[in-house]
Participant: 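Below is a structure I'd like to ask you about.
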Amino acid sequence: MDFSVVVEYFPRLLEGAWVSLQLVLISIVLGGVFALPIALARISPVAWIRAVPFAYIFFFRGTPLLVQIFLVYYGASQFDAVRESFLWPILREPFWCAIIAFTLNTSAYTAEIFRGAIQAIPQGEVEACKVIGMTKFQMYRRVLLPRAFGIVLPAYGNEIILMLKGSALASTITILDLTGMARTIIARTYTPMEIFLAAGAIYLVISIVIIAIFRQIEQRQNRYLGTLSIKVPDKG
């Protein structure tokens, strides 16, 4: 194997890695914002309020991410109303279509993680909040959500890594992320083994950094509390 090609094209691979990181970071932030109200709706005592987020989560967890990307990228353009709307400058761009698909997907998984974390809080802590006269809003803001944040960190870190690996599907809609850049380089150099090994190594380094960051946050957040574990939703 000739690894000189890796040295030559390594800056291009880093450019692709930066695109991958942008896809993951933006979708994770937006997905987290959407996931919290979805999770709170999932634990509502009102049946019809629970039904809507349940259907949303069921769809996005039950269908492949690749199909969701194609539905957003290829499906939206089929409607004249979409092409004539103010959203078309966004929906015609592959990058933003990938962001939309990733956000919808990760918000469904993250909502389930948040729901599990909230329901994993001991009932005694909830009762203590009620005893001292907290309103429901105060209980969630001061106790339950901060407590759930500490519980959710390990599973949420895993979700970010899964999204990092899933971001490779963005290359199917012409985005030059890390995988897309690797495929472009391979088409020019005919060195798939060397380039894909280098791309895999970059993914691995990013994953290690994410794991280290979340371990530090988890240790800091839970330094005075016992931690609870929740099951990570399976994307397979």
Side-chain angles (χ1 to χ4, degrees), residues 16 19-44 47-83 85 87-88 90-119 152 154-180 182-183 199-200 203 206-207 210 230-236:
V19 174
S20 294
L21 284 174
Q22 291 181 71
L23 290 170
V24 173
L25 290 174
I26 296 173
S27 60
I28 284 293
V29 170
L30 294 177
V33 171
F34 294 141
L36 184 56
I38 294 172
L40 294 176
R42 280 280 284 127
I43 60 177
S44 170
W48 69 268
I49 295 179
R50 294 196 307 269
V52 175
F54 175 81
Y56 175 87
I57 292 170
F58 181 80
F59 175 80
F60 284 101
R61 289 183 61 191
T63 56
L65 177 56
L66 181 61
V67 172
Q68 297 164 20
I69 294 172
F70 285 167
L71 284 174
V72 175
Y73 184 63
Y74 296 111
S77 62
Q78 294 184 1
F79 300 97
D80 292 335
V82 173
R83 293 197 299 270
S85 71
L87 295 174
W88 182 238
I90 296 175
L91 292 175
R92 70 184 179 187
E93 296 293 334
F95 181 86
W96 291 111
C97 287
I99 290 292
I100 292 170
F102 290 165
T103 298
L104 295 173
N105 181 273
T106 192
S107 65
Y109 282 92
T110 304
E112 280 296 276
I113 294 173
F114 285 172
R115 178 192 62 81
I118 294 171
Q119 293 182 330
V152 83
Y156 194 51
N158 289 339
E159 169 61 17
I160 294 177
I161 292 175
L162 290 173
M163 279 305 303
L164 173 65
K165 293 187 289 186
S167 68
L169 295 174
S171 63
T172 60
I173 55 172
T174 72
I175 296 176
L176 291 180
D177 66 326
L178 179 52
T179 300
R183 292 169 61 182
Y203 278 119
I206 296 173
S207 297
I210 293 172
I230 58 175
K231 185 178 180 180
V232 181
D234 184 10
K235 285 197 174 184

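Nothing here was measured: the structure is a model prediction, and the numbers come from that model. Computation of the quantities below employed the complete heavy-atom set of this structure, encompassing side-chain atoms and omitting hydrogens, waters and symmetry-equivalent molecules.
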Participant: Would the number of heavy atoms belonging to other residues, nucleotides or ligands and lying under 6.0 Å from CZ of Phe54 be above 12?
Facilitator: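 12 or below, so no.
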Participant: Is the shortest heavy-atom distance from the side chain of Gln68 to the side chain of Val72 under 4.5 Å?
Facilitator: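 With C-beta onward as the side chain, the pair stays apart.
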Participant: Hey, is the main chain of Thr103 close enough, under 3.5 Å, to the side chain of Thr106 for a donor-acceptor pair?
Facilitator: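 Between the backbone of Thr103 and the side chain of Thr106 there is no qualifying donor-acceptor contact (under 3.5 Å).
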Participant: How many angstroms lie between OH in Tyr109 and CG in Leu104, if you round to the nearest 0.5 Å?
Facilitator: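 CG of Leu104 is found 13.0 Å from OH of Tyr109.
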Participant: In this structure, are over 12 heavy atoms from other groups packed under 6.0 Å from Phe79 atom CZ?
Facilitator: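 No, the 6.0 Å shell around CZ holds no more than 12 heavy atoms from other groups.
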Participant: Any side-chain to backbone donor/acceptor pair from Ser20 onto Gly16? Under 3.5 Å, distance only.
Facilitator: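 Judged by distance alone, yes, a pair lies under 3.5 Å.
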Participant: So, taking the atom named CD1 in Ile28 and the one named CG in Leu23, what distance separates them when rounded to the nearest 0.5 Å?
Facilitator: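 Interatomic distance, Ile28 CD1 to Leu23 CG, rounded to 0.5 Å: 11.5 Å.
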Participant: Using a 3.5 Å distance criterion without hydrogens, assess whether the side chain of Ser85 forms a donor-acceptor pair with backbone atoms of Val82.
Facilitator: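 Flag set: sc Ser85 to bb Val82 pair under 3.5 Å.
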Participant: Is there a side-chain contact between Tyr56 and Ser107 in this structure, where contact means two heavy atoms from C-beta onward sitting under 4.5 Å apart?
Facilitator: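 They are in contact (side-chain heavy atoms under 4.5 Å apart), so the answer is yes.
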Participant: Would you compute the distance between atom CG of Leu30 and atom CD1 of Ile99 and round it to the nearest 0.5 angstrom?
Facilitator: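 Leu30 CG to Ile99 CD1: 7.0 Å, rounded to 0.5 Å.
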Participant: Testing the basics here: between Gly180 and Asp177, what is the closest heavy-atom pair and its distance to 0.1 Å?
Facilitator: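 So the minimum-distance heavy-atom pair works out to N-OD1, 2.9 Å.
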Participant: Using a 4.5 Å cut-off on heavy atoms from C-beta on, say whether the side chain of Ile160 contacts that of Met163.
Facilitator: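 The answer is no, as the side chains (C-beta and beyond) never meet within the 4.5 Å cut-off.
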Participant: Might you point out which heavy atoms bring Thr174 and Pro94 nearest each other, and give the distance in Å?
Facilitator: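 Thr174 and Pro94 have their closest heavy atoms at OG1-CG, 3.6 Å.
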Participant: Which pair of heavy atoms, one from Arg42 and one from Arg50, lies closest together, and at what distance?
Facilitator: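 Answer, listing the atom of Arg42 first, then Arg50: O-CD, 3.4 Å.
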Participant: Hey, could you give me the CG/CZ distance between Leu40 and Arg115, rounded to the nearest 0.5 Å?
Facilitator: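 Answer rounded to 0.5 Å: 12.0 Å.
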Participant: Counting C-beta onward and ignoring hydrogens, is there a side-chain heavy-atom pair between Ile57 and Ile38 closer than 4.5 Å?
Facilitator: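 A side-chain contact under 4.5 Å exists here.
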Participant: Has Ser167 got a side-chain atom pairing as donor or acceptor with Leu164's backbone, closer than 3.5 angstrom?
Facilitator: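 Yes; at least one donor-acceptor contact below 3.5 Å.
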Participant: Answer whether the closest heavy-atom distance between the side chains of Leu91 and Ile100 falls below 4.5 Å.
Facilitator: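 A side-chain contact exists here, since the closest heavy-atom pair is under 4.5 Å.
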Participant: Measure the CD1-OH distance between Ile69 and Tyr74 for me, rounded to the nearest 0.5 Å.
Facilitator: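 Spacing of CD1 (Ile69) from OH (Tyr74) equals 10.5 Å.
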Participant: Do the side chains of Arg83 and Arg92 get nearer than 4.5 Å, heavy atoms only?
Facilitator: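 They are not in side-chain contact.
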Participant: What distance separates Trp88 CH2 from Glu93 CD, expressed to the nearest 0.5 Å?
Facilitator: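 Rounded to the nearest 0.5 Å, the CH2-CD separation comes out at 9.5 Å.
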Participant: Is Tyr156 reaching over with its side chain to a backbone N or O of Phe114, donor-acceptor style, under 3.5 angstrom?
Facilitator: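 It does not hold such a pair.
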Participant: Tell me, do Val24 and Phe102 make a side-chain contact under 4.5 Å, heavy atoms counted?
Facilitator: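 They are not in side-chain contact.
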